[in-house]
Amino acid sequence: MPQPQDNARAVFLIILIFWLATSPDSGPGLIAGPALIKNRLARQRYALGILNSTQWGDFSPRLVDDPPETESKYLNLTGFREEDGYDWEDLPRFKDRCEEWSKNAVGIPEAAEPVWQNATGVVHGRWQRANASIPRYHSSYNLSDISPGVAWAGSNSDWGRNTTGSEGKIMVRLEDNEDAATDPEKIDKMILEKAEIRAREVSATVTIDDVEGTGSSWEMRLHGVHWPRQGAMLLTTTSEKFAGIFGLPHLTTRPTYFESSQALLNRTLDKALDRKEQHTFTDQIDPWSSTLDSPGEAWNPSPHCEYLMYIQVHPLNQDLLGVQPSLTGPENVAKAIQDIENELRFPQGTGHRSIPRLQMSAIVYSPDCAFFLETKGPPAFAPADGLHMVGVKQEIFLHSVSTFLLGLALVVFGQLQLLKLQMRETSTPSTLGRVSFYTGCMMLLADGMLFTGAAAWSFSASTTLLPSLAITCVSFLSMTVGIFFLAEIHKVQEPEWRRQERERERERQNTPANTVGNAPSSRQTPTNGTPLPSTSPPIIIPSDQDIDAEISENTGNNNNATLPAPVTAGTTAPSAQNLRTQLSNIFGRLLLIGISTLFLSLAAASWRPSFRAAYFNILLFAYLSLWVPQIYRNVYRNCRRALSWRFVVGQSVLRLLPIAYFYMLPNNFAFAEPDWKAFTALAGWLWVQIWILVAQSVLGPRFGVPKGWMPEAWEYHPVLREDNVEAGGLPIGLVATPTSPTSLERVRTGEETKGADRRRTNTHVIDCAICREVLEVPVVRAGDEDPTAGGVAGVFARRAYMVTPCRHIFHSACLEGWMRFRLQCPICREELPPL
């Protein structure tokens with residue numbers, strides 16, 4: 001009969017195959033695909049011809065307050081036509097704001113301050129929304145007229161990438177490669193310096209968080225032109241309903257910008273179209289698409305808001321450049337900036353005190369959705385409200401990522417070393433039975449998710465390849481050692497789990513009979529008058545043995561097959577193959593949980609910020625609850641300490657360090673905002689767990705826990721009383737009788753001690769059979785009450801000795817060390833209940 005897990009796998013596989021078979025194919029197929037690509041390339045080639053044949057001033061749309069007789073000019077490009085109905089009335093407003101912000105940042109064009117010539121880096125900040133003169137909605141456009149021949153998906157619904165909130169966040173990842181196409185195309189290094197490059201290609205990936213509006217987050221790809229001397233950039237999205245890159249020169253603010261960008265785009269766009277026309281079958285992706293990693297947009301595009309983005313690079317802090325005050329002219333500052341950029345790209349060992357940060361301001365304009373987004377900063381806002389967009393150069397950013405990955409690899413290596421040391425200490429069945437299997441599962445799950453993420457990062461990493469490979473290898477080793485440790489724990493604790501399962505099964509079978517009637521007496525008599533047998537005393541079963549399986553095996557070997565099996569008989573012990581099957585099922589569940597958590601975490605990146613923060617806080621709270629199963633295991637097994645303090649404290653600190661990096665460090669590479677309150681709550685929760693483990697070790701695992709909440713367990717530190725002699729309560733060797741002068745001589749009465757509480761006890765002295773040293777045991781006198789029996793003082797007093805079920809007494813340290821290797825009494829070899 002197949003296992004339930006096998007049935008679940010089969011059902012899951014069938015559902016997966018059915019889903020893949022019935023998923024709609026957004027592609028046009030092998031025959032129609034190249035035809036669609038050729039049509040798109042023909043439209044783009046026509047748009048390039050329009051760009052070549054136009055000049056500055058050919059695009060002059062009508063303004064809102066212009067009289068009807070005012071002459072207006074439009075371009076025969078998609079989105080630039082008058083009949084398309086885009087919000088070009090606010091284009092002069094956009095250009096005026098761009099010039100105003102450039103003037104505030106670098107000054108007038110004739111005396112502009114030097115800025116970074118290479119703007120490659122990552123910046124982030126906050127934006128504020130402003131409405132356009134005339135509002136636009138998705139119902140204001142007829143996409144069939146704007147882009148005929150294109151099948152739009154969801155054209156009657158709200159468009160994507162629409163920003164409705166008044167404020168939000170923005171992050172820009174710029175790719176300003178100095179090897180990209182430039183204008184002029186070829187530069188004579190002997191004549192022209194890099195600062196003489198008039199224009200260069202640039203692209204950016206922009207992430208916008210609509211915090212106060214829809215709460216969503218999206219990414220888009222923009223392409224454009226960078227004018228390095230002025231530190232200005234103009235980027236645009238391009239789609240089937242907006243030929244942004246082909247009309248970009250007409251959106252610039254100056255004639256010089258128009259000339260350089262037109263010359264650059266005429267050459268680069270023509271080369272790109274030539275390559276696409278030669279590979280229509282193999283390369284079917286639009287190079288200027290604004291959608292990231294979505295080939296389906298080429299076949300069934302969905303309408304979304306289009307964007308223009310003007311970025312102005314701000315001057316550097318001259319105090320960090322190291323330029324002498326007497327040499328702070330524009331030429332010397334530009335030379336210092338060039339030296340820093342050369343050192344970042346090609347390190348030669350030239351030292352700098354610190355690298356100035358990358359600061360930019362941006363204006364985002366949507367001509368179809370009709371709104372503006374402006375970064376918050378001076379002079380419109382106080383510096384406390386924002387500094388526009390601030391970040392670091394790409395080299396500094398990659399260095400931060402590499403440093404974090406190397407630090408994380410060291411953290412995981414430290415976790416691995418602690419785990420290896422703990423495995424040495426818990427190498428016997430007795431010690432393995434104390435460790436919580438679920439605590440190990442939580443650590444293994446975290447290490448497995450880290451390995452999966454690091455391996456996926458390594459496939460696409462270039463600059464950070466070596467650090468990512470290091471953390472991949474270390475996390476794989478940690479995961480492998482963790483699997484081996486869990487396998488050893490499972491092998492020891494599996495008989496206990498089967499025994500508990502059989503007990504629960506018997507309780508379910510006996511529940512109807514027990515609920516028929518409950519007599520008040522402890523002894524029930526059947527209807528025929530025959531008394532029922534009395535309840536037998538409990539049998540102590542060590543964690544590394546399964547007595548039920550042995551009884552079942554012995555019963556099966558009995559020649560008298562007609563005799564019924566005892567009630568404790570169960571199935572035979574599982575074979576090694578069955579153990580491997582059980583382990584594979586457990587690890588399969590962990591794998592499924594890990595993969596599901598990874599995909600859910602990736603999806604959470606686009607959630608509303610409040611939901612995203614709550615999700616990650618809950619996820620980390622569950623992850624940092626790794627000692628909760630161990631606390632429960634200690635209570636259930638009546639075990640004071642299963643793991644070394646070095647392992648508990650070390651693992652807690654090391655697993656908290658990566659979380660502290662993102663929650664406490666403002667300049668982390670993910671640009672996550674610090675959250676001291678959440679980190680304090682997470683660290684406090686972990687600290688509380690450690691203190692509970694300490695309290696269990698000092699006061700006992702069941703100190704303060706009601707007796708009825710957990711199954712009965714042997715108390716190795718009982719209160720010893722002289723009036724329990726008849727009941728066998730005193731250990732062997734502590735019973736003082738007149739015929740035993742040796743024992744009488746070894747008893748010191750309470751009159752020899754001082755204090756009222758000490759007069760109620762006798763201190764008996766006996767030799768420990770393990771270490772052969774003297775053991776002093778306090779015994780309560782007959783008829784007296786020990787005032788410290790239930791308090792902390794009594795717990796500490798009884799911690800010095802341990803009494804076995806066979807009434808032998810030893811030093812606590814001696815017997816604990818003995819029971820790490822053997823669960824038998826050192827004197828009579830009786831089985832001992834595990835700690």
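For this chain, numbers begin at 1 and follow the sequence in order.
In this structure a side-chain-to-backbone donor-acceptor pair under 3.5 Å is present from R129 to T163. In terms of modelled atom types and a separation under 3.5 Å, the side chain of H388 and the main chain of P378 share a donor-acceptor contact. Remark: the backbone N or O of E341 is not paired with any side-chain donor or acceptor of K393 at under 3.5 angstrom. Between the side chain of N342 and the main chain of Q338, a donor-acceptor pair closer than 3.5 Å is present. The main-chain N or O of L665 is found under 3.5 Å from a side-chain atom of N668 such that the two form a donor-acceptor pair. Side chain of T120 to main chain of D176: a donor-acceptor pair is present (N/O by atom type, distance under 3.5 Å, no hydrogens or angles). In this structure, N266 contributes its side chain and A263 its backbone to no donor-acceptor pair below 3.5 Å. A donor-acceptor contact shorter than 3.5 Å links the side chain of R81 to the backbone of I146. Q359 contributes a side-chain N or O that, together with a main-chain N or O of L387, makes up a donor-acceptor pair within less than 3.5 Å. The main-chain N or O of V115 is found under 3.5 Å from a side-chain atom of Q117 such that the two form a donor-acceptor pair.
Among Y86, Y74, F242, the single residue meeting the ring pair (Phe, Tyr, Trp, His ring centres under 6.0 Å) criterion with F80 is F242.
The aromatic rings of W227 and Y257 sit parallel, their planes meeting at an angle under 30°, below the 60° perpendicular limit. The aromatic rings of F246 and W288 sit perpendicular to each other, their planes meeting at more than 60°, with 30° as the lower class boundary. Aromatic ring orientation, F669 versus F662: perpendicular (interplanar angle above 60°, classes split at 30° and 60°). Note on ring orientation: taking the six-membered ring where Trp is involved, the planes of H124 and F671 are tilted (angle from 30° to 60°).
Annotation: the span from N104 atom CG to H314 atom NE2 amounts to 8.5 Å, rounded to 0.5 Å. Note: L373 CG to W127 CH2 = 5.5 Å, rounded to the nearest 0.5 Å. Atom SG of C305 and atom CZ of R136 lie 12.5 Å apart (nearest 0.5 Å). Between the CG atom in L51 and the OG atom in S261 there is a gap of 8.0 Å [rounded to 0.5 Å]. For the atom pair CH2 (W457) and OG1 (T464), the distance works out to 5.5 Å, reported to the nearest 0.5 Å. If you take NE2 on H399 and CD1 on I355, they are separated by 10.5 Å, rounding to the nearest 0.5 Å.
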Problem - Worked verdict on D368 versus S366 for side chain to side chain donor-acceptor pair (under 3.5 Å) - result: CA-CA 6 Å; D368 52 354; S366 178; 2.9 Å; yes

Handout entry: K103/E100 under salt bridge (Lys or Arg N to Asp or Glu O under 4.0 Å): CA gap, chis, key distance, verdict
Key = CA-CA 5 Å; K103 183 178 179 180; E100 180 182 353; over 6 Å; no

Exercise for the section: Go through D210 and K169 one step at a time and tell me if the salt bridge (Lys or Arg N to Asp or Glu O under 4.0 Å) criterion holds. Expected result: CA-CA 7 Å; D210 191 5; K169 302 177 183 178; over 6 Å; no

Exercise for the section: Report the C-alpha distance between R40 and Q44 in whole Å, list the side-chain angles of each, state the deciding distance to 0.1 Å, and finish with yes or no for side chain to side chain contact (heavy atoms under 4.5 Å, CB included). Expected result: CA-CA 6 Å; R40 187 183 68 196; Q44 293 175 346; 3.9 Å; yes

Exercise for the section: Might you work through the side chain to side chain contact (heavy atoms under 4.5 Å, CB included) test for E277 and R45, ending with a clear yes or no? Expected result: CA-CA 10 Å; E277 290 170 350; R45 178 65 71 177; 3.3 Å; yes

Practice task
Dump the intermediate steps for side chain to side chain contact (heavy atoms under 4.5 Å, CB included) on N118 and L344, then the final yes or no.
Solution key: CA-CA 11 Å; N118 187 322; L344 290 176; over 6 Å; no

Practice task
Start with the C-alpha gap between R93 and F372, add the side-chain angles, then the distance that decides, and say whether side chain to side chain contact (heavy atoms under 4.5 Å, CB included) holds.
Solution key: CA-CA 10 Å; R93 173 184 171 185; F372 291 86; 3.7 Å; yes

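Residue-environment remark: CH2 (W607) exceeds the threshold of 12 foreign heavy atoms within 6.0 Å. Within a 6.0 Å sphere centred on CD of E71, heavy atoms belonging to other residues, nucleotides or ligands number 12 at most. Remark: N667 CG is loosely packed, at most 12 non-hydrogen atoms of other residues, nucleotides or ligands lying under 6.0 Å away. Heavy atoms from other residues, nucleotides or ligands lying under 6.0 Å from NZ of K95 number more than 12.
The side-chain heavy atoms of P287 and K276, taken from C-beta on, include a pair separated by under 4.5 Å. Looking only at side-chain heavy atoms (C-beta outward), V172 and M389 come within less than 4.5 Å of each other. Between L308 and F94, the closest side-chain pair of non-hydrogen atoms falls below 4.5 Å. At a threshold of 4.5 Å between non-hydrogen side-chain atoms, the residues I340 and P356 count as touching. S140 places a side-chain heavy atom less than 4.5 Å from the side chain of Y137. Counting heavy atoms from C-beta outward, V392 and L358 have side chains that stay 4.5 Å or more apart. Looking at heavy atoms from C-beta onward, Q230 lies out of side-chain contact with S102 at the 4.5 angstrom threshold. Using a 4.5 Å heavy-atom cutoff, the side chains of S144 and W152 are not in contact.
E89 and S133 share no side-chain donor-acceptor pair at under 3.5 Å. With no hydrogens or angles considered, no side-chain donor-acceptor pair links E219 and T205 at under 3.5 Å. S289 and R221 form no side-chain donor-acceptor contact under 3.5 Å, judged by distance and modelled atom types alone. Between R161 and T291, the side chains place a donor N or O and an acceptor N or O closer than 3.5 Å (distance only, hydrogens not considered). No donor-acceptor contact under 3.5 angstrom links the side chains of T252 and W56, judged on distance only. Of the N and O atoms on the side chains of R43 and T78, not one donor lies less than 3.5 Å from an acceptor on the other residue. Counting only N and O atoms by type, the side chains of Q312 and S361 include no donor and acceptor under 3.5 Å apart. For the 3.5 Å distance criterion, the side chains of E201 and T268 qualify, holding a donor opposite an acceptor.
Salt bridge present: E167 and K376 bring a charged side-chain N and a carboxylate O closer than 4.0 Å.
Taking every heavy atom of both residues into account, H226 and G231 meet most closely at NE2-CA, 4.2 Å. For the pair W159 and N162, the tightest heavy-atom approach, listed with the atom from each and the gap, is O-CB, 3.8 Å. Shortest non-hydrogen contact noted between C98 and I363 is N-CD1, 3.7 Å. Between A199 and V225, the shortest heavy-atom contact is CB-CG1, 3.6 Å. Contact between V123 and M360 at its shortest, heavy atoms only, is CG2-SD, 4.2 Å. In terms of heavy-atom proximity, Y615 sits nearest to A604 at CD2-CB, 3.7 Å.
The ring of H304 has its center no closer than 6.0 angstrom to the ring center of W218. Aromatic ring centres of W88 and F59: separated by under 6.0 Å.
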